[in-house]
Structure formats: structure tokens, C-alpha cells
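Notes follow once the structure below has been shown.
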Amino acid sequence: MDGFLDETCEGVTELRVHGVSGTPPAGILNHPHPRLVAGDGTTGFYRRWWAGGRPSGDHPDVPHARHREAYAWGGLTSGGRTIALWLLLLPFSLANLAYFMLPRPPGGRRLRHATEAAQRLFALLLTGTLVGAVTRAGVDLVGWQCTAAGRACTHDTAPGWLRWLGTVWGAEPSKRLAVTSLLPLLLVVLLWWIARRTWRRDERAVVPPGGDGQAGPLLAQARLWHGAAPVWRLRVVHVCFAVAGIGLAVSAPFAGTAEGLALTVGNAGVQLAAAVLVVLPWIARRVDPHSGEPIPAWSTRACQALRVTTAAVFLATLWRALSGMPPGAAATERALPGVGVGAFQLGLTLALGLFILVATCVLARMDRAGDEPARPRAMGGIAAWFVLMVAAGSANVLALGVLFWTATFLGVPGTSAEPGPPARTLFLDDPVWWTAALVPLLGAGLLAVGLVLYLIRGAAARALAPELVAYYGERDAPEVAGKWALAALTDRAGLVLAVLTGIGVAGSAAVTVIYQLRLYTPDGGVAGLLASAGSWAMTAVVVGLALLGRRTYRDPGLRRTIGILWDVATFWPRAIHPLAPPCYTERVIPELAARVGRLAGTDRDEVVLSGHSQGSVIVAALVPQLKPELRARVRLLTHGSPLRRLYAAYFPAYFGAPGLGAVRESVPWCNLYRLSDPIGGPVFGRVDPLALGPEHEDGVDRFCWDPHRPAPGEPLPEARWHSDYWLDPAYDEALTRLITIKPAA
């Protein structure tokens, strides 16, 4: 290759790891010509290439002496076109986040295990919620209602690709249900295919020998990033549960016959077996690959048996339905009759939510006992429950949006109290309408929270402005104070989460009471107005997601933007929900560990791990995974880091005082932060630069002014907020201070 490219590994290496949004290698290296030196196009290590030959000046690459290298991992979360489909999997990702937010006090082992089992069962019901919505839309609204004789899909105005069902099998509902059940089955197959493909690509990497730390914090456990076997087992259980739910929708209307009852019991039995398996700890346990402990053979055999049984029962259901089953009295029902499974799952979901709330409160109280008061905890340590409720709420919004969109597209949505003949009306249960009525209330709550945050920001800016006058002057101090106060609103994220969750939970409880006691129906008055508005809102959500997904599929820039969500949500492994978007860290951590081992092979070598934003979380999680002798040659430089602000607050069991303290004791560390940064902040304490000054900062955190003080007569520079820490003079100073092996000139 013409030009100059340093591919040597000896000496001092500044290894930069980017943050969210998939920053390209050119931006990480601050160089227009990056070249891949290791890895591939999905995750790769890059260095600078100079067309004019060996460079000179500040910070050039010098063979066998010093190098600047970038690790680009954004292809795992913002590169593939399938990211457009991930938008529908947000509830599954939130369920996994909730698992890692759970407090882990030393004395609460049994209660924690019971809570984790409840979380896994709750995650299984989330799968049932989303797949069940497509099942209801296809099997009930289309197969049972719309294509029945005289209903909406038999009219000349109906789509031809549906009208034939009513024309050919208008009086044979079992055949219509069998055909329409293929739609949710296709969804399950798609979820399985995506989960399996990403599992084979990202979650089967073996942690390098020597990275199997057992003592110390949870971040030192190699099994945290080794999920091949448990993710496979959980995926089998979830897929079988979903397929059996589809089969149950086909067979339950004919439970009055001997064959229909047998098939209904078979499908329900598969779901029950899946629910039993998912609560057993061995199904989801992550076995340390270097501990010598074998994976329990019975767990694999049980999953294989469940898979075979599910396929057999579903195929038998499909074959018998296509053969024609006598409709019996069920044919007179306007909506798809069932056996109460939906009501049972709703009751189980509510019971699980209550148990998880109580258990999480107890665990959080035990975790706080005897701990230092400075340790940050979001929402009193029970953020796991709030996030799990948000997962349930978002799953229900997506599910009901699918139902309302289908009913609106094919006919007119109606309540159970709808008078007159069915005609074009497609009936939805009253709980569906009541849940839709909560959506406008959630919107009103969000607006109220937004107003409160606006007032908080204004008050904070007014209080801060006088203190900044000495540094920025009378003219610019209010503007800077406004920027800093705006960035500080990130610390109020718990307020937004608490208010929305409170409205959703209280509203769901009220809806359940109203429906069970049959107090009144949501077909008139204020309740009817709210339900109607909510139905249109959820329909708009589904249509908007479809349009956004289509645009995301075609637009790489939009994929990177949406990838920000997955950069945060998929840092954690798929511990309780295997159909969520894949965990990139199970590939990134082993790759970085192997590269650091290559770059710091001798005592004459040194690696400075420079992590920005989410990259700082990655390198902090990497350090405990390294061999002790390798950590002696590693330095840590983080900037724009959410380690304390988000990760220590929401995941204290992993990034709390013990975890981050272990990292600080292992390697020399410097963390740069700004008060204008809405994401990053100090790691070990809140330093007040106005009161203490830089000389009083602790050994890790260093405050950086942003925007910089303007020269006399000059305008205030643009604030850099969360970006361009690599260009700040403080970065070069920190880098120089961390390096103990002085590279050759």
C-alpha cells in the first residue's frame, strides 16, 4: 500500500472506543483516512493512513513506539438494515434492563432468585402479549369475524386477497382460523430467525482464558458475557409458548367437541410447560466457561422435548382445523370465543407485577442497610419494577395499536355493547377499549411533567447565573447557566418514569375493577371519548412505527440515529428475554480483551483505553475481565461518561461503589466531564468547580469548562455539550499524565 500505515503493536497505544450513534472511524481518530488493521466491517480496529508518507507533528504514529487506534463497534447496533424491525422489540429490551437493575443485597439471595424467576415469567407473558395481538388481529378479527358469512370481508369492497376466505369457507370457521393463524406464525418464525442469527453472530464468543475472574465485583465474572447456552434455552421456551398460544386461538372455539378439547388441552399444556421451565433457575443460568461446571443435561433435553411437542401439537391443530371441525354453538359468537386464557394471563401479569414490586422494595431496603449514603440509586433502588412496568405498557400500546389498526382497515371497531347486526363492525373486548382510554391520560401526564421540568430548569438557571458572572461576565452568564441547567435535567429522568408508570398502573387497576364489576361500558360519555381518542392514538403509533421502519431500512443516517437507543438498551445480555435485540457486549468485550492482550504483550508496552460516552462503560466493564498482569499495563481515560449518572444509579449491583471502586484500584484512571453535558458527568462525586476549583478535584474526575471563556470582545463560543472531548486541551493533558512509558520521538 502506498503512503504510511503503522501496524506495529509495541509501545504506547491510545485505543479509542466510541460512544452512541456509531461514530465512524474517521471521527474517532480525527483523521480523514482510517484503515482497518484488525477485525472486520462490523467491528474493527482502525489506524490512520497518510497518503504522503510518514507524518510529523503532534501525536503521529511511530512504529514500535506510539500509535492511535480506534475500535468501531457501531455496526452491531446501527449498521444492519434489520434495525428497522428492532423498533417493535423495545418491550423485550426493557425487560432485560429491568433484570440488571434488580438490587442484589448479600442477605437476600433466596428472595432475589424468586424475583428473578418472576421476572422471567413476566418476560414470557410479554412475548404472549405481542404475539397474541397479531394472533387476535389475524385469527379473531380476520379469521373469525371479518370473513364470516355476511361480515365486512365478504362485501365487494373488501380486499380480494381476503374475500376468498369468506366466499369459500364462510360457514366453516375452523378452516378460516387455520389459514389466518399462519400470519402470527410467520411473525414468530421471523422473531426466531432474527434472534438465532444474531445469537450465532454475537453471543457465542468464548471469553479468553484468564479472563474468568471469580472473586470481586460482578463485572469480573466472565459468565456475565457468556450467554450462548442460556439464551438458546430461553429462546426455545419463548418460541414454544408463542406457537402454543396461536394453536390455542385456533382450537379453543371448538373445545365443546372431543377433538377440539384435546387440542385445546394440548396447546394449553405446552404453554404451562413453558411457564414452568422458564421459572427454573437452571434454564437461564450462565455457566462460567472456565469453571469446569457442566451445563445440566436435563435442561437441554427438556427444551428439546418441548420443541418437538410444540411442533407436533400445533401441526395436529392446524391439520384438524383445515380438515373442518363442527362449529357448534360457538359459531353464533360475534367475537372469537375462548376458554378464559386471556383473562388468566392478565390476572397472572397483575399478580406478578405486585409480587415483583414488593420483593424489589424489600431487596432495595436490604441493599441500603449499612451502605454509604453517597451511593446513588435511581428511584430509591426500585427502578427495576418501574422499567418492567414501562415494558408492559409499551407492549400493550403496540398490541392494541395492531388491533385497532386492523379493525379500522377492514371495518369499524366496536365495543361489546354495539347494537344491531354486525355488518362492518369488528368487535374488541371492553378491556381493550378501557386500556385505550388511558393513552390520553398518559399524554396529559407527560405534558404536566414537561411543564414541571421547564420550571425546574428556569429556577436552576436563575440560581446559577450569578455564580458564573465572575468567569463568563454579565452578558454570557445567563446563557451558560441555561445550558448547564438544561443538561442537569437528565438527573430528573426518574421523575418522568415515575409519573408515567404511576398513571399507567393506577389506570390499569381502575380499568380492571370497572371491567370485573361491570360498572359501565366504554361506549359513551367521557370514557367513550377518551377510548376513541386513545384508539386513534395507538393506531397512529403503529402506522408511524411502520413508516419509520421503512425509512430506517433505506436511510443509513437514520439507522445510526435510532441505533442510539440500542447502544444503551443492548449493552446488557439477553438474560430473561431471548427475543430482544442482541447484546453487542458479548462480542465487544472478548474482542477488546484479545486486542489489549496483543497491544500490551510485554512490560515495555502500555495501552490507554479511551472511552467516550457508552464507550466509557464498555472499557470500565472490560478492565475487570483482563488478567491482573495485563491490567498493570492498562490506563483508563473516560470522557462524557454516564457511569455514575446512569449506570451506577440504575445498575448499582454492577456499577455501584464496589464495581467502580474495583476498576479504580486496578488501573490509573482519569475522567473528563462538563456540566453542559446532559449524559456524562463525574464518576466518583459531584465536584463543584465554582467552589473548589480544579486543584481540589479527586484523583479521577476532572472538570472541563464548556463553553470556554471567550476572549475580550469575542462572542461566546458554541457549547460542545456531549461531543468532541478528544479535541479539548484537557484531553491531551490527561493522556500525557496517564502515560508512564515515554514513547520515542
Side-chain angles (χ1 to χ4, degrees), residues 131-190 242-271 309-342 402-403 406-407 409-411 421-429:
V131 176
V134 180
T135 303
R136 286 283 306 275
V139 178
D140 181 9
L141 296 182
V142 178
W144 184 265
Q145 296 190 48
C146 195
T147 55
R151 303 292 290 271
C153 290
T154 62
H155 300 164
D156 293 338
T157 56
W161 48 273
L162 278 181
R163 192 167 61 246
W164 71 272
L165 276 175
T167 303
V168 178
W169 292 326
E172 298 180 89
S174 70
K175 296 182 179 181
R176 301 198 309 269
L177 298 190
V179 172
T180 53
S181 69
L182 298 179
L183 175 62
L185 180 64
L186 179 62
L187 171 65
V188 174
V189 171
L190 179 62
V243 171
I246 300 170
L248 197 61
V250 175
S251 63
F254 311 99
T257 65
E259 290 179 321
L261 180 61
L263 293 172
T264 299
V265 171
N267 285 293
V270 169
Q271 285 202 313
T309 304
T310 302
V313 173
F314 183 79
L315 289 176
T317 302
L318 198 64
W319 175 82
R320 189 63 190 90
L322 284 173
S323 299
M325 298 178 69
T332 61
E333 297 284 345
R334 296 197 296 183
L336 184 70
V339 290
V341 175
V402 169
L403 292 178
T406 304
F409 179 76
L410 298 175
R424 287 181 48 82
T425 303
L426 299 179
F427 298 97
L428 299 173
D429 296 339

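Only heavy atoms go into these numbers, but all of them, side chains included; no hydrogens, no water, no symmetry mates.
Interatomic distance, CD of Q271 versus OG1 of T310, reported as 9.5 Å (0.5 Å rounding). One finds the CG atom of L185 at 5.0 Å from the CD1 atom of I246 (value rounded to the nearest 0.5 Å). Rounded to the nearest 0.5 Å, atoms CG (L182) and CG (L187) are 13.0 Å apart. One finds the CG atom of L261 at 9.0 Å from the OG atom of S251 (value rounded to the nearest 0.5 Å). Remark: T257 OG1 to R320 CZ distance equals 7.5 Å, nearest 0.5 Å. Remark: F314 CZ to N267 CG distance equals 8.0 Å, nearest 0.5 Å.
Nearest heavy-atom pair across S181 and L318 is OG-CD1, 3.5 Å. The shortest heavy-atom contact between A249 and T135 is CB-CG2, 3.6 Å. Shown here for A321 and A178, the closest heavy-atom pair between the two residues is CB-CB, 3.7 Å. Between T406 and A137, the shortest heavy-atom contact is OG1-CB, 3.5 Å.
A donor-acceptor pair under 3.5 Å is absent between the side-chain atoms of R176 and the main chain of T180, judged by distance alone.
Across V179, L177, L248, a single residue satisfies side chain to side chain contact (heavy atoms under 4.5 Å, CB included) together with V139, and that is L177. Exactly one of L141, V134, D140 qualifies for a side chain to side chain contact (heavy atoms under 4.5 Å, CB included) with L403. That residue is L141.
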